[in-house]
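Here's the structure we're looking at; comments come further down.
Note that the coordinates shown come from a computational prediction; the quantities given were computed from them, not determined experimentally. No hydrogens, no waters, no symmetry mates; every other heavy atom, side chains included, goes into these values. All ligand and atom numbering here is 1-based and tracks the order in the structure.
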Amino acid sequence: MDHGMPGPQGPAALARLVAETDWAATPLGPQLHWPLALRLAVDLILASRFPMLVMWGEERAMVYNAGYAAILGARHPAALGRPVDEVWPELRGQLGPLISRTYAGEALWFEDLEMEVARNGHPERAWFTFSYSPLRDALGVVRGLLNTVVETTDRVLAQRALAEREAELERRVQERTAELMRAEQALRHSEKLQAMGQLTGSLAHDFGNVLQVVDSGMHLLSAEGLTPEERQQVTEGVGASLDNARRMIRQLLAFARQQPLEPVAFDLSARIGGMTELLRHSLGRGIRLETALAEGLPAVTLDPAQLETAILNLVMNARDAMPQGGRLRLATGLAGGRPCLTVADDGEGMPPEVMARLFEPFFTTKPAGKGTGLGLAQVHGFVTQSGGDVRVDSAPGQGTSFTLVF
Ligand SMILES: Nc1ncnc2c1ncn2[C@@H]1O[C@H](COP(=O)(O)OP(=O)(O)OP(=O)(O)O)[C@@H](O)[C@H]1O
Ligand SMILES: [Mg+2]
């Protein structure tokens with residue numbers, strides 16, 4: 001657009017054109033007879049560099065300045081003195097009501113109003129920010145309007161392009177994220193399969209060991225000439241091996257367990273108190289079990305069977321961490337107002353790389369036949385499913401303490 005520029009479309013040229021137009025042939029009539037209000041308004045717009053338009057009379061005939069001429073495109077100069085409906089027939093539906101409201105005395109202002117205009121011979125979408133102000137005659141009657149209009153098409157299009165680029169970028173980010181998640185899932189799936197393979201292998205191996213111990217035990221027991229002590233030793237060996245097999249089965253069942261938890265409300269300390277005899281038994285003589293069970297704790301709502309399995313898993317780990325014997329502490333209390341349970345040993349402790357993988361199913365540092373790596377996976381699964389947290393504190397040589405907060 002060249003509004004405000006000198007030349008055939010410039011302000012001076014337009015002023016000249018207005019002066020030379022034969023207004024008698026237009027609805028506005030000869031310039032000499034124009035009412036004062038119209039003359040003042042036309043003088044005002046011709047002096048302005050903003051695109052401006054005066055509409056006057058019932059016909060809504062147009063007088064405009066150089067800036068507005070640029071908006072008119074090829075419709076200028078034929079539009080001078082013509083009714084707006086004739087100049088912009090395609091905008092009649094959109095502008096008609098606005099013009100009527102202004103003629104009724106209302107001042108209007110619109111920002112980035114979209115219009116479809118055919119100024120260059122074909123329809124184009126264009127945006128305008130403009131105002132309509134009523135023009136009154138000496139008696140205060142609205143006779144026309146003053147329209148200041150700025151085309152904002154370039155800015156609107158630039159903003160839209162920017163918004164589109166942003167949306168495109170956002171979409172690409174989302175696509176990448178989804179892709180990564182798919183890849184990660186595939187990886188996890190394949191890791192799981194690999195782990196299942198390992199598990200099957202190690203289970204077969206573990207049960208093979210158990211069977212071998214039982215088998216050779218049976219042979220030994222049926223042999224002649226065994227002393228009662230030897231007989232006792234063999235029986236204990238077979239018993240321990242079967243215990244091991246039972247432990248493996250229990251953990252597999254806990255891990256494979258599909259049915260939802262069956263929580264009931266109970267007192268944590270009382271439930272643990274009821275387990276201590278059993279625990280003392282399975283710990284053996286080298287390990288001292290100490291309990292510090294707080295009274296009057298708020299009730300927990302948990303699946304009791306799962307809780308017992310979790311405690312057994314923690315206690316068995318503690319036992320395994322203290323092969324030379326030691327001290328195992330079972331304590332209940334409050335952590336941040338929530339009931340909690342701590343299982344602490346003074347065993348070998350853990351290095352950070354073990355701490356990092358502790359809860360992974362099938363992660364174990366124990367030799368084949370000793371651990372399936374499912375104990376802490378069960379503890380973690382159960383506690384988090386019950387809305388609690390597991391906290392671990394450990395260092396090599398410093399012992400380990402697990403706290404379950406419910
Ligand atoms: N109290 C502890 N002290 C030292 N290390 C521990 C302790 N508890 C767990 N760990 C380490 O964490 C690993 C994972 O424990 P988790 O109970 O999940 O499996 P596991 O004991 O090896 O096998 P499972 O319990 O299935 O027989 C153990 O192999 C061990 O290295
Ligand atoms: Mg374990």
Side chains of Val315 and Leu283: closer than 4.5 Å at any heavy-atom pair?
yes

Nearest heavy atom to atom 7 (C) of ligand 1, choosing from Val315, Asn317, Thr364, belongs to Asn317

Could you list the atoms of ligand 1 found under 4.0 angstrom from a heavy atom of Phe363?
14 (C), 19 (O)

Selection from Pro361, Ser394, Gly373, Ala377 by shortest heavy-atom distance to atom 19 (O) of ligand 1:
Gly373

Do Leu334 and Pro298 make a side-chain contact, defined as non-hydrogen atoms from C-beta onward lying under 4.5 Å apart?
yes

Residue part near ligand 1, for Asn313, under 4.0 Å between non-hydrogen atoms:
neither

So do the side chains of Arg49 and Asn65 get within less than 4.5 Å of each other, counting heavy atoms only?
no

So, Glu230 and Thr227: side-chain donor and acceptor under 3.5 Å apart, yes or no?
yes

Tell me whether Arg125 is salt-bridged to Glu116, with the criterion being a basic N under 4.0 Å from an acidic carboxylate O.
no

Any carboxylate oxygen within less than 4.0 angstrom of a Lys/Arg side-chain nitrogen, looking at Arg172 and Glu168?
yes

Is the distance from the Mg ion (ligand 2) to the nearest N/O/S atom of Asn317 under 2.8 Å?
yes

Ala321 heavy atoms within 4.0 Å reach ligand 1 at atoms 2 (C), 3 (N), 4 (C)

Ligand 1 versus Leu376, non-hydrogen atoms closer than 4.0 Å: side chain, backbone, both, neither?
both

side-chain contact (heavy atoms from CB on, under 4.5 Å) with Phe402: which of Asn313, Val390, Asp393, Thr342?
Val390

As an exercise, identify every atom of ligand 1 less than 4.0 angstrom from a heavy atom of Gly349.
4 (C)

If we only count N/O pairs under 3.5 Å, is Glu348 in contact with ligand 1?
no

Ignoring angles and geometry beyond distance, decide whether Phe402 reaches within less than 3.5 Å of ligand 1 through its nitrogen or oxygen atoms.
no

